[in-house]
Protein chains: 2
Amino acid sequence: MTPRKPSLKDELDPRSRILDHAESLFSTKGIDAVTLKDIALPLGMTHAALYYHFPGGKEELFVLVMERNIRRHGSGLDAALRSQPGSLRGRLRAAAAWLVNQPPMDLIRMAENDLKALDPASARKLSVLIYELILQRLTREFSEAIEAGTIGPCDPGLMAGGLFGMVESLHSVPVAMVRKTRIEMANELIDVILKGIDYREGGQ
Amino acid sequence: MTPRKPSLKDELDPRSRILDHAESLFSTKGIDAVTLKDIALPLGMTHAALYYHFPGGKEELFVLVMERNIRRHGSGLDAALRSQPGSLRGRLRAAAAWLVNQPPMDLIRMAENDLKALDPASARKLSVLIYELILQRLTREFSEAIEAGTIGPCDPGLMAGGLFGMVESLHSVPVAMVRKTRIEMANELIDVILKGIDYREGGQ
DNA sequence: GTCTATATAAAGATAGAC
DNA sequence: GTCTATCTTTATATAGAC
């Protein structure tokens with residue numbers, strides 16, 4: 001019998017467990033605010049064990065983890081957008097719901113700090129991934145809507161970036177302080193933007 | 001003769017020079033990514049000298065500096081809004097121009113990392129300042145516009161927060177990558193939002 | 001695959017000279 | 001007001017035992 005592939009909630013292999021936990025830490029706090037002990041100890045191992053799986057140490061782990069994080073964001077975003085073929089509003093709402101339920105993706109922190117701490121090749125790789133898997137994917141929705149005539153003329157890349165920044169910034173509002181969920185807030189903001197670019201259901 | 005107050009580009013007193021430089025570092029990179037040497041050495045002093053001016057060390061310096069930073073953001077924002085009594089669009093554009101020309105204010109990083117590293121009283125103080133001097137000030141513009149009938153019904157706090165997050169996120173787009181300035185981008189986004197909440201110049 | 005032990009470097013912080 | 005020197009702690013990283 002093969003060494004039983006881990007079922008649903010079973011223990012994953014150590015490498016995956018490390019990546020999972022490191023992702024939740026690195027992606028929300030950035031490279032400088034997380035230590036190798038922060039990653040290792042909650043997993044029941046010492047920080048030295050991390051070097052067996054990731055000989056490149058902290059930087060290798062960070063790059064791997066953030067690449068994973070961006071790809072996961074990207075595929076979740078893509079899946080959300082595809083899940084609502086009906087209307088642009090539905091697609092954007094699904095996308096926002098996905099983003100809002102993920103750990104925040106803090107592009108300011110990435111640009112101002114994390115990427116500057118990496119070797120330039122890795123930094124550029126991560127930048128390109130963010131651009132291609134996240135921003136470009138969102139941009140496409142606006143571009144296609146313009147072509148289809150469901151929204152008026154606008155800068156699709158700017159709308160995508162603005163919407164993304166807006167939605168991500170909701171992560172910083174303490175939900176206890178407002179009487180709305182983040183998803184409700186995101187939906188209201190989306191409605192304002194869509195109205196602002198002359199969205200009309202069903203095109204032309 | 002009094003010890004000559006520093007004229008325009010003259011050297012400021014050490015304490016102010018430290019606060020100025022620390023502000024530019026702490027506000028863009030956060031508490032963990034800045035060391036006391038990063039602050040002291042470019043000012044031509046050693047990190048030990050900082051303890052003469054700020055006996056509380058790094059945390060005291062960070063709190064003082066960020067309080068200053070938030071107040072500066074707040075008064076610049078207020079001045080910008082007051083400078084354009086004519087129209088809501090003009091006021092929001094002036095506000096955005098101010099924000100975009102300041103170092104980024106990364107609320108996600110603050111909430112997820114910096115504030116958690118401070119003693120709770122200081123953390124709450126900074127949170128309250130952000131809320132009262134930045135978000136509430138912007139919110140007022142929307143509230144008053146609703147009352148005046150220049151925009152339609154909407155959640156003014158949400159609009160303020162959304163606009164702020166949107167504008168701040170422009171700091172993370174590499175200007176070399178687009179053919180627009182950050183101010184132009186901010187203005188386009190403002191126009192979309194205003195249209196989305198039924199802005200009509202001159203009210204009612 | 002993970003540990004203990006250790007090396008090395010860097011950080012925050014304090015004491016005391018100047 | 002600022003320095004040098006030192007202390008303490010913490011971080012990354014490596015070596016070698018198990």
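Chain letters run A, B, ... following the sequence lines, proteins first and then strands; every chain starts at 1.
Without hydrogens or angle criteria, A/Ser122 side chain to A/Leu118 main chain gives no donor-acceptor distance under 3.5 Å.
The distance from atom CD1 of A/Ile18 to atom CG of A/Leu12, rounded to the nearest 0.5 Å, is 11.5 Å. In this structure, CG in B/Leu61 is found 5.0 Å from CD1 in B/Ile39, a value given to the nearest 0.5 Å.
Scanning residues 30-56 of chain A for heavy-atom distances under 4.0 Å to DNA chain C yields A/Gly44, A/Met45, A/Thr46, A/Ala48, A/Ala49, A/Tyr52, A/His53.
Around NZ of A/Lys180, the count of heavy atoms belonging to other residues, nucleotides or ligands within 6.0 Å exceeds 12.
Think of the region where chain B sits on DNA chain D: with heavy atoms and a 4.0 Å cut, that region ends 5' and 3' at D/dG1 to D/dT4.
Residues B/Gln84 and B/Arg89 have side chains that never bring a donor and an acceptor to within less than 3.5 angstrom of each other. Looking at B/Asp78 and B/Ser75, their side chains never bring a donor and an acceptor atom within 3.5 Å of each other.
B/Glu23 pairs in a salt bridge (charged side-chain N to carboxylate O under 4.0 Å, His left out) with only one of the listed residues (B/Lys29, B/Arg71, B/Arg68, B/Arg17), which is B/Arg68.
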